[in-house]
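Everything numeric here is computed off the predicted structure, so don't read it as measured data. For reference, positions follow the sequence shown, starting with 1.
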Amino acid sequence: MLKPHLPIALLLALVTPAAAQVRVASPDGRTQVTVETRDGRLYYSVVRDGRSLFTPSLLGFEFRGAPPLRDSLRIADSARATFDSTWTQPWGEVARVRDHHNELRVSVVETAPPNRRFTVTFRVFNDGLGFRYEFPDQPNLKDFVIADELTEFAFTNDGRAWWIPSNRPRLDRSEMLFSSGPVSRLDSVQTPLTVETTTDHTFIVIHEANLVDYARMFLNGPREQSRTLRAALAPYADGAKVYGRTPFVTPWRTIQIADRVTDLAPSVLGLNLNPPSVIPNTSWIKPMKYVGIWWGMHINTMTWSSGPKHGATTANTKRYIDFAAANGLGGVLVEGWNVGWDGDWIQNRNAFSFTKPYPDYDLVELARYARDKGVKLIVHNETSGGLENYERQIDSAYTLYHSLGLDAIKTGYVTDFVGQGDSHYGQYMVRHHRRVIEKAAQYGIMLDVHEPIHDTGERRTYPNMLSREGARGQEYNAWSGEGGNPPEHETILFFTRLLDGPMDFTPGIFDILLQSTGRPRRLDEPRPRTTLAKQLALYVVIYSPVQMAADLPENYEHKPAFQFIRDVAVDWDTTRVIEGKIGDYVIVARKAKGSREWFLGAITDEEARTFDVPLSFLTPGRRYVAEIYADGPGANWATNPLPVTISQRPVTSLTRLHVVLAPGGGQAIRIRPAR
């Protein structure tokens with residue numbers, strides 16, 4: 001008898017060369033994918049519970065200097081297999097992940113010159129599917145340039161989509177507010193794209209997995225009177241999308257499917273479509289909470305550049321290290337420590353040194369001081385898009401950091417274009433990120449990437465790739481002219497951006513009115529549009545294995561609510577989404593890794609809401625204490641954001657907690673075993 005944790009692979013059948021249509025179903029039989037040729041073109045379609053989700057959708061490519069791989073196609077043969085295994089994450093939203101899928105490999109040939117061959121592989125899970133193209137080595141397809149990928153997603157239903165654009169200025173950071181509307185009215189959008197069908201309210205998420213040597217996929221909106229989205233690859237400056245040589249495989253195109261919005265998270269589809277970890281010993285990879293010389297730059301009490309307000313000084317960094325050590329926080333991020341920040345960062349991208357600190361920052365002494373205090377000194381490497389400058393220095397920089405015991409880096413890519421005008425999301429940038437991840441693993445360094453390529457599950461293969469930004473974060477609540485994030489923002493992020501992986505959102509602002517700037521902000525000025533209790537709840541709702549206590553240390557002093565930040569975990573055994581509605585509210589519970597403690601976070605948009613939350617996830621028969629951080633009397637994000645009521649009460653698995661959320665508010669709860 002096979003043990004359940006061992007992989008099972010069973011070859012079931014081969015299709016005859018003459019077959020024009022083949023099918024594969026999910027293990028539970030609910031989702032069925034059909035692959036077929038029609039008039040010499042290759043299509044796939046998706047049905048769930050007998051209802052069509054995607055009508056026949058085109059597959060293929062256009063090449064530069066060669067005929068398109070689209071016409072005169074025939075299914076030569078196919079093979080099916082079943083896989084079932086369970087693997088353990090070194091860190092994550094869940095500790096154990098089951099990979100149970102049925103696979104269909106469809107071999108396709110051109111019946112007319114140049115008679116090229118390729119395979120499309122489908123893997124169908126109970127929660128969705130992935131498919132990719134594979135080009136074997138062959139005489140008529142060696143070196144190639146992809147001009148366009150012809151992959152389509154032909155929605156049967158004109159569902160409601162939540163999206164950010166991919167054809168607007170400042171695309172490099174994906175830092176735009178979400179809009180929503182019918183699929184038929186989309187223009188050009190980024191993934192993950194979340195869609196709710198209007199008929200049976202099925203939820204569908206389009207994304208990609210295992211992006212290694214390819215361009216990021218956007219989606220072009222449908223043509224008139226259509227619901228068909230088309231793959232749109234981020235380009236090089238010369239218009240080419242991908243340079244390749246056979247044998248070659250593309251990333252997986254993924255379609256996550258859920259009956260309820262609460263079933264979307266945690267999403268493991270992309271993880272299962274990435275190879276297992278190549279790092280044999282991951283014991284040095286440690287999730288943590290941290291503070292940083294960061295928020296002061298955004299509220300203009302400090303500067304990245306040298307001068308009288310320079311934040312990254314030896315004395316100031318020691319103050320932050322002392323604060324972290326005293327409060328059980330694992331790290332201190334320091335931005336602006338290295339030469340290169342003076343002047344225009346983007347114009348001076350090649351001026352950054354990643355080994356030379358400013359004269360008022362003693363890197364060697366601070367590495368020693370942090371180590372003696374049991375705190376990690378997190379190194380900031382801002383490239384401003386100077387990829388070549390960074391890669392020239394990467395070995396010398398990482399050698400230095402390793403010699404000083406510095407094993408955590410935050411990288412940054414504040415720029416619109418890289419190379420010779422290539423897209424921030426193109427193959428050139430994808431290759432760079434993969435080199436950095438591999439190099440960091442070689443030197444035993446963990447990464448937190450800002451202005452990144454979006455997460456496609458590579459953290460399974462390289463668990464040192466901890467977190468990234470890739471969405472509109474907390475700093476927009478500080479900048480004048482940006483308007484801040486509306487109260488609904490995080491409730492949308494949870495069901496969109498966060499489905500691709502962790503986000504370094506940087507929660508925990510206690511000085512919500514920004515009085516530390518010397519003048520409290522008016523209601524129409526940028527500031528966090530949340531209550532203080534919601535800032536606490538975000539530590540549970542927005543997942544990241546590295547969580548920042550983002551405010552200035554002095555703003556946490558003598559604040560009882562800071563105890564929740566001290567206590568909250570960052571690594572989890574189990575995640576349960578209890579309630580949710582995109583753009584309205586989220587309630588999620590998570591069990592701390594290797595612990596009997598649970599943490600619950602609830603957030604709302606601008607509307608006040610109440611819930612009776614069942615605690616049935618707790619172990620039956622055991623007694624617990626709930627430590628509750630709730631919106632206080634009269635709390636309101638707009639007029640009175642600071643009141644927090646802290647209380648305790650006994651609970652069991654039979655308890656239903658009455659959760660009251662103020663407008664723009666939240667509630668954060670630690671549930672620990674009763675002593």
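- Judged purely by atom type and a 3.5 angstrom limit, Arg260 has no side-chain atom pairing as donor or acceptor with the backbone of Leu264.
- Under the 30°/60° scheme for interplanar angles, the aromatic rings of Phe54 and Phe155 are found to be tilted.
- In summary, the side chains of Thr194 and Glu196 do not present any donor paired with an acceptor at a separation below 3.5 Å, with no hydrogens or angles considered.
- Taking a cutoff of 4.0 Å between a charged side-chain nitrogen and a carboxylate oxygen, Glu451 and Arg468 do not qualify as a salt bridge.
- Residues Thr86 and Arg98 have side chains that never bring a donor and an acceptor to within less than 3.5 angstrom of each other.
- Ring-centre distance between Tyr425 and Phe218: below the 6.0 Å cut-off.
- Taking 4.5 Å as the limit, some side-chain heavy atom of Leu532 sits within range of a side-chain heavy atom of Val644.
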Test Asp584 against Arg609 for salt bridge (Lys or Arg N to Asp or Glu O under 4.0 Å), laying out the working first.
CA-CA 10 Å; Asp584 289 350; Arg609 302 181 193 276; 3.7 Å; yes
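- Shown here is Arg623, whose CZ atom has no more than 12 heavy atoms of other residues, nucleotides or ligands within 6.0 Å.
- Between the Thr530 side chain and the Gly664 main chain, no donor and acceptor come within less than 3.5 Å of each other.
- In this structure, a donor-acceptor pair under 3.5 Å is present between the side chains of Asn485 and Arg472.
- Using a distance-only test at 3.5 Å, with no hydrogens or angles considered, no donor-acceptor pair links the side chain of Ser180 to the main chain of Ala161.
- For the residue pair His454/Asp500, the side-chain donor-acceptor check at 3.5 Å is not satisfied.
- A donor-acceptor pair under 3.5 Å is absent between the side-chain atoms of Asp49 and the main chain of Arg51, judged by distance alone.
- Salt bridge status for Glu208 with Arg253: present, with a side-chain N to carboxylate O gap under 4.0 Å.
- The aromatic rings of His298 and Trp294 sit perpendicular to each other, their planes meeting at more than 60°, with 30° as the lower class boundary.
- No donor-acceptor contact under 3.5 angstrom links the side chains of Thr156 and Thr55, judged on distance only.
- Between Val449 and Met465 there is a side-chain heavy-atom pair separated by less than 4.5 Å.
- Electrostatic pairing of Asp567 and Arg670 counts as a salt bridge here, judged by a charged N lying under 4.0 Å from a carboxylate O.
- Using modelled atom types, no side-chain atom of Thr604 and backbone atom of Ala608 make a donor-acceptor pair closer than 3.5 Å.
- A salt bridge is defined here as a Lys NZ or Arg NE, NH1 or NH2 lying under 4.0 Å from an Asp or Glu carboxylate O, and Lys591 with Asp573 meets this definition.
- Between Phe599 and Tyr539, the distance from one ring center to the other does not fall under 6.0 angstrom.
- Looking at Lys534, its side chain does come within 3.5 Å of a backbone N or O of Pro487 through a donor-acceptor pair.
- In this model, no donor atom of one side chain and acceptor atom of the other lie less than 3.5 Å apart for Glu579 and Thr262.
- Between the side chain of Arg596 and the backbone N or O of Tyr624, no donor-acceptor pair lies under 3.5 Å.
- Remark: the backbone N or O of Pro222 is not paired with any side-chain donor or acceptor of Ser226 at under 3.5 angstrom.
- The closest side-chain donor-acceptor pair between Gln190 and Arg216 falls under 3.5 angstrom.
- For Trp163 and Phe178, the distance between ring centers is not under 6.0 angstrom.
- Under a 4.0 Å N-O distance rule, the pair Arg30/Asp259 qualifies as a salt bridge.
- Between His450 and Asp504, the side chains place a donor N or O and an acceptor N or O closer than 3.5 Å (distance only, hydrogens not considered).
- Using modelled atom types and a 3.5 Å distance limit, the side chains of Asn477 and Arg527 yield no donor-acceptor pair.
- Residue pairs meeting the ring pair (Phe, Tyr, Trp, His ring centres under 6.0 Å) criterion with at least one member in residues 506-534, sequence neighbours excluded, are Phe510-Tyr556.
- Taking the centre of each ring, Phe562 and Phe323 come in below the 6.0 Å mark.
- Looking at Arg649 and Glu627, no side-chain N of the basic residue comes within less than 4.0 Å of a carboxylate O on the acidic one, giving no salt bridge.
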